[in-house]
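Structure first, then comments.
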Protein chains: 2
Amino acid sequence: MSRILIAEDEARISTFMEKGLRAAGHTPSVVADGITALDYATSGQFDLLILDAGLPRLDGFTVLGLLRETKVRLPVIMVTARTSVHDTVAGLDGGADDYLAKPFRFEELLARIRIRLRNPVPGTLDHILKCGLLELDLHSRNAKLNGKEIELSSREFALAETFMRHPGQVLSREQLLSRVWGYDYDGTSNVVDVYVLYLRKKLGADRLATVRGTGYRLVEV
Amino acid sequence: MSRILIAEDEARISTFMEKGLRAAGHTPSVVADGITALDYATSGQFDLLILDAGLPRLDGFTVLGLLRETKVRLPVIMVTARTSVHDTVAGLDGGADDYLAKPFRFEELLARIRIRLRNPVPGTLDHILKCGLLELDLHSRNAKLNGKEIELSSREFALAETFMRHPGQVLSREQLLSRVWGYDYDGTSNVVDVYVLYLRKKLGADRLATVRGTGYRLVEV
DNA sequence: GGCCAACATGAGGGGTTTCTCATGAACGCC
DNA sequence: GGCGTTCATGAGAAACCCCTCATGTTGGCC
């Protein structure tokens, strides 16, 4: 059914899980330390990760943090022997999709796996673009500069979005005209210049650098 | 932050939750039986439901089942005093997004709420809303009717989005004013009527049904 | 049918957005 | 420094958006 990575160092538990998951129709693999876990998890070979908090070499929370940093959106179920509230909260806020305290009933693990697989990959951050202090929310269509909301018209937003999708890269007027305005060719208009001006007024002049003779470039400030 | 419905019959617990959630910046409401819970949950007024399993009049599992039958995709966190595996599994497979056994730490509830609100509507391509032949892309901000693109102004889009998030459900003028316009109270304006008219012109008149004396409703056509 | 309340809709004002044009400022090359 | 090219920017026209108001239409109740 699904390829599941088990990161667990206690052989007694990992063997138990492996057998159980296989019996439930999944395809489990076991790793016993954090570094290997991270390596396997980023391989793209798995649909879900069951992650023990107390792994050797690299603990579960760190693995989770690194995983989320690399934007790998694999569903993760944290498992821990510690029952402290702190750990639970840390695990969940660290990007885990679910949490289970040892000892747990196998049926419950299976049920939680079913949910995580049922709700595909939560698209958490894929609709937010960031560059330096600037932040664009593609859903709500508003921009934030240093945490403060900025009003952008829809054209301004589209232009900003194009820049944000290629931070640091020089974009020519033709490229921008084509992407933001859909013009296939129009050598005469200076709309781009004007809208760059508008954005500079709203986002700060130094955020968009002019590259003379070539175009404009978003600077990370 | 978020409007949260607490369905819990033990006053001691519901009061505790209510205060805690309010302190955490949410806007909680409490109901004490299953029938009221179902009623409130389908009103479209809430972002998340905390559902006790042992409610009077209609137990939590039944409420959950009925809720999912009506395609209301509200995130649900089941809470139960019973610790039997059977209940957990039933809750999760019944469509709950998460599960918490009493007694629980409040911090953990908060963390689980954060996740459920963070991963918006599970199970969908979370940026595309569909209802019948109508389709809304929240990223590109355009609408499609029977595959053909339709131009919507931003206000029209916001209104359409609100309807699409509660298909089939009657939304009052007050609800729409509050969600789309952010007006907290204004009995005089008829903007809603006007914008419903605009949408009808663009999306087809029969797509938005009038419910006399109550409001409007999106019809699946 | 007659009446009232609720809803539908056309007209239009005020504001914003979008774009063009004209002119001023800056840059780089000689 | 001088000069042409490139970029910046203010002014303003046209289109559009958003909302209000006034009036027409419909539905339900007696």
Side-chain angles (χ1 to χ4, degrees), chain A residues 136 140-143 149-163 170-219, chain B residues 136 140-143 149-163 170-219:
Chain A
L136 243 58
S140 63
R141 291 263 130 175
N142 58 24
E149 286 216 357
I150 307 264
E151 296 269 331
L152 294 184
S153 78
S154 77
R155 198 62 109 196
E156 288 163 357
F157 191 91
L159 180 60
E161 180 181 346
T162 307
F163 275 117
V170 182
L171 298 172
S172 70
R173 288 174 173 67
E174 289 69 36
Q175 286 177 305
L176 294 168
L177 265 183
S178 144
R179 291 183 195 202
V180 178
W181 279 264
Y183 290 4
D184 264 348
Y185 208 74
D186 181 350
T188 67
S189 170
N190 76 329
V191 241
V192 175
D193 298 45
V194 176
Y195 271 84
V196 165
L197 172 69
Y198 293 164
L199 279 187
R200 278 178 176 161
K201 280 185 181 164
K202 294 192 176 180
L203 307 180
D206 47 354
R207 207 151 259 108
L208 288 172
T210 304
V211 181
R212 219 180 158 75
T214 314
Y216 298 95
R217 189 169 63 80
L218 178 65
V219 183
Chain B
L136 242 58
S140 62
R141 290 263 130 175
N142 58 25
E149 285 216 356
I150 306 262
E151 296 271 330
L152 294 183
S153 79
S154 77
R155 199 62 109 195
E156 287 163 359
F157 191 91
L159 180 61
E161 180 181 346
T162 307
F163 276 118
V170 181
L171 298 172
S172 72
R173 280 160 231 277
E174 289 69 35
Q175 286 178 306
L176 294 168
L177 264 184
S178 145
R179 293 185 188 205
V180 177
W181 280 264
Y183 290 5
D184 265 348
Y185 209 79
D186 182 350
T188 67
S189 171
N190 76 329
V191 238
V192 176
D193 299 45
V194 175
Y195 271 84
V196 165
L197 172 68
Y198 292 165
L199 279 188
R200 279 177 175 162
K201 280 184 182 165
K202 294 192 177 180
L203 307 179
D206 46 354
R207 206 151 261 106
L208 289 171
T210 304
V211 180
R212 217 180 159 76
T214 314
Y216 297 96
R217 189 168 62 79
L218 177 64
V219 183

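Every chain is numbered from 1 and lettered A, B, ... according to where its sequence line falls, protein lines coming before strand lines.
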Go through [options] for me and flag the one nearest to the [X] side chain.
X: A/R155; options: C/dT20, D/dA8, C/dT18; value: C/dT18
X: A/N190; options: C/dC21, D/dG10, D/dT20; value: C/dC21
X: A/R200; options: C/dT20, C/dC7, D/dA8; value: D/dA8
X: B/Y195; options: D/dT9, C/dC19, D/dC19; value: D/dC19

Exercise for the section: Could you check whether A/V194 gets within reach of a base, just the sugar-phosphate, or nothing at all, counting any heavy atom under 4.0 Å? Expected result: base
Problem - Global bending angle along the helix from C/dG1-D/dC30 to C/dC30-D/dG1, which compares the axes of five pairs at either end, to 10 degrees - result: 20°
Spacing of [X] atom [atom1] relative to [N] atom [atom2], expressed in whole Å:
X: B/K201; N: D/dC18; atom1: NZ; atom2: P; value: 15 Å
X: B/Y198; N: C/dA8; atom1: OH; atom2: P; value: 14 Å
X: A/E151; N: D/dC17; atom1: CD; atom2: C1'; value: 15 Å
X: A/L197; N: D/dT9; atom1: CG; atom2: P; value: 5 Å
X: B/L199; N: D/dC18; atom1: CG; atom2: C1'; value: 14 Å
X: A/E156; N: C/dT18; atom1: CD; atom2: P; value: 7 Å
X: B/L152; N: D/dC16; atom1: CG; atom2: C1'; value: 14 Å

Find out whether [X] and [Y] are in side-chain contact, i.e. whether some heavy atom of one side chain is under 4.5 Å from a heavy atom of the other.
X: A/V219; Y: A/R217; result: yes
X: A/R200; Y: A/R207; result: no
X: B/L159; Y: B/W181; result: yes
X: B/L136; Y: B/F157; result: yes

Exercise for the section: Could you tell me which non-hydrogen atom of A/E149 sits nearest to which non-hydrogen atom of A/N142, and how far apart they are? Expected result: OE2-ND2, 3.0 Å
Practice task
I would like to know whether A/L203 and A/L208 meet side chain to side chain contact (heavy atoms under 4.5 Å, CB included); could you show each step before the answer?
Solution key: CA-CA 9 Å; A/L203 307 180; A/L208 288 172; 5.6 Å; no
Practice task
Go through the side-chain N and O atoms of A/Y216 and A/R173 and say whether any donor and acceptor fall under 3.5 Å apart.
Solution key: yes
Handout entry: Of residues 206-217 of chain B, the positions that come close to DNA chain D - non-hydrogen atoms, cut-off under 4.0 Å
Key = B/R212
Donor-acceptor under 3.5 Å ([X] side chain, [Y] main chain):
X: A/K202; Y: A/I150; result: no
X: A/S189; Y: A/V191; result: yes
X: B/E156; Y: B/S153; result: yes

For [N], take OP1 and OP2 only and decide whether either is under 4.0 Å from a side-chain N or O of [X].
X: A/R173; N: D/dT6; answer: no
X: B/S154; N: C/dT17; answer: no
X: B/W181; N: D/dC19; answer: yes
X: B/S189; N: D/dC18; answer: no

